[in-house]
Amino acid sequence: SAWTLLELLMTISIIGIIIAFFVPPIVARITMNAKIGATRREMYQLRQAVVGNPEIIAGGEYADLGFYGDVGRYPRHLIELSTNRPDTTNFIYPGREAIPSWDPFAKRGWHGPYVRDDGQQGFLYDAWDMPYKIITDNLGTPTGIKSAGPDGRWFGDPGVTENDDITVLF
């Protein structure tokens, strides 16, 4: 049997209503998952900038020691991954000081930049434009990097009951 124009319009209307209900949540979930993935990738790049990549070997020696291997300490703030003169930046944090430049004989000192800087220090912020945090153990030794995640709030803060923080350990 043939469809009348009214039946066709009703069918299209019902399909439109169904799409209107189901597409926005699906798009929101895809967008959130893309931001989580981008944040994780950037955090792994920051991790490599800090501790290096043990798989890169040249002449029988590790070639990528990262900030920690070059300077001999973990960064006190992620801005130290892009400049050895954090004392000239607007970022205030404990222990902010100039970092000695690379000494090729001692194989010590700042040998960066360890991250690519877009001029806006975009590497300091996750996909939701929240700053990353260096996490430490009970002795104050850095152990990783943390993002507040999709809700933009740190788990453990007052009123935050759901842990959607993203953590990458060194």
Side-chain angles (χ1 to χ4, degrees), residues 27-56 58 62-170:
V27 169
R29 177 159 293 197
I30 290 170
T31 302
M32 183 178 70
N33 287 340
K35 286 184 174 187
I36 290 170
T39 296
R40 281 191 195 282
R41 282 189 298 279
E42 185 171 53
M43 291 174 71
Y44 280 109
Q45 289 171 348
L46 290 170
R47 177 188 182 275
Q48 184 172 335
V50 172
V51 296
N53 183 350
E55 296 177 5
I56 299 177
Y62 293 115
D64 182 4
L65 300 176
F67 182 95
Y68 180 78
D70 290 344
V71 177
R73 67 168 174 82
Y74 288 101
R76 295 180 181 126
H77 189 283
L78 293 176
I79 195 66
E80 294 181 342
L81 298 174
S82 70
T83 179
N84 67 336
R85 292 300 313 270
D87 55 325
T88 63
T89 67
N90 295 329
F91 298 96
I92 306 297
Y93 57 93
R96 187 177 80 151
E97 61 192 9
I99 303 167
S101 295
W102 180 251
D103 179 348
F105 301 107
K107 294 186 178 182
R108 271 289 202 230
W110 195 83
H111 198 221
Y114 299 91
V115 294
R116 188 178 318 168
D117 185 7
D118 59 3
Q120 306 293 316
Q121 288 91 30
F123 66 93
L124 298 175
Y125 304 96
D126 64 15
W128 300 273
D129 291 325
M130 294 294 295
Y132 290 116
K133 183 189 287 188
I134 294 177
I135 53 176
T136 59
D137 62 13
N138 293 337
L139 302 174
T141 303
T143 58
I145 305 167
K146 196 172 194 179
S147 161
D151 69 359
R153 299 172 8 175
W154 301 104
F155 181 68
D157 283 355
V160 180
T161 57
E162 187 177 329
N163 186 0
D164 68 348
D165 296 357
I166 303 167
T167 304
V168 171
L169 299 176
F170 294 146

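The shortest side-chain heavy-atom distance between Glu42 and Phe123 falls under the 4.5 Å cut-off. Residues Asp64 and Gln48 form a side-chain contact, since some pair of their non-hydrogen atoms from C-beta on lies under 4.5 Å apart. Two residues are said to be in side-chain contact when any heavy atoms from C-beta on lie closer than 4.5 Å; Pro131 and Leu124 fail this criterion. Contact annotation: the side chain of Arg76 approaches that of Glu97 to within less than 4.5 Å [non-hydrogen atoms, C-beta and beyond]. Residues Leu78 and Gln121 are not in side-chain contact: their nearest non-hydrogen atoms beyond the backbone lie 4.5 Å or more apart. Contact check for Tyr44 versus Ile145: no side-chain heavy atoms found under the 4.5 Å cut-off.
Annotation for Ala98 and Pro86: closest pair CA-CD, 4.4 Å, computed over non-hydrogen atoms. Smallest separation of non-hydrogen atoms from Arg85 and Asp87: NH2-OD2, 2.8 Å. Across all their heavy atoms, Trp128 and Ser147 have their closest contact at CZ3-OG, 4.3 Å. Residues Asn84 and Ser101 share a closest heavy-atom pair of ND2-OG, 3.2 Å. Considering all non-hydrogen atoms of both residues, Ile134 and Pro75 come closest at CD1-O, 3.5 Å. Minimum heavy-atom separation, Asp70 to Arg108: O-CD, 3.3 Å.
The distance from atom CG of Asp117 to atom OG1 of Thr83, rounded to the nearest 0.5 Å, is 9.0 Å. Atom-to-atom distance recorded for Met43:CE and Asp126:CG is 8.5 Å, nearest 0.5 angstrom.
Judged by distance alone, with hydrogens and angles left aside, the side-chain atoms of Asp164 form a donor-acceptor pair with the main-chain N or O of Asp151 at under 3.5 Å. Arg47 places a side-chain N or O within donor-acceptor distance of the main-chain N or O of Leu169, the cut-off being under 3.5 Å. Panel note: side chain Asp165, backbone Phe155; a donor-acceptor pair is recorded below 3.5 Å. Formation of a donor-acceptor pair under 3.5 Å by the Thr39 side chain with backbone atoms of Ala127 is found in this model.
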Going through the distances and angles, do Lys107 and Trp102 end up as a side chain to side chain contact (heavy atoms under 4.5 Å, CB included)?
CA-CA 7 Å; Lys107 294 186 178 182; Trp102 180 251; 4.0 Å; yes
Would Lys146 and Trp154 satisfy side chain to side chain contact (heavy atoms under 4.5 Å, CB included), going step by step from the backbone distance to the final call?
CA-CA 9 Å; Lys146 196 172 194 179; Trp154 301 104; 3.6 Å; yes
Let me see the working for Tyr68 and Phe170 under ring pair (Phe, Tyr, Trp, His ring centres under 6.0 Å), right down to the final yes or no.
CA-CA 10 Å; Tyr68 180 78; Phe170 294 146; 8.7 Å; no
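Ring-plane geometry between Phe91 and His77 is classed as tilted, the angle between the planes lying from 30 to 60 degrees on a 0 to 90 degree scale.
Screening Tyr93, Trp110, Tyr74 for a side chain to side chain donor-acceptor pair (under 3.5 Å) with Glu80, the sole residue that qualifies is Tyr93.
In the displayed structure, Asn90 atom CG is contacted under 6.0 Å by at most 12 heavy atoms of other residues, nucleotides or ligands. Within 6.0 Å of CZ in Arg116 there are 12 or fewer heavy atoms belonging to other residues, nucleotides or ligands.
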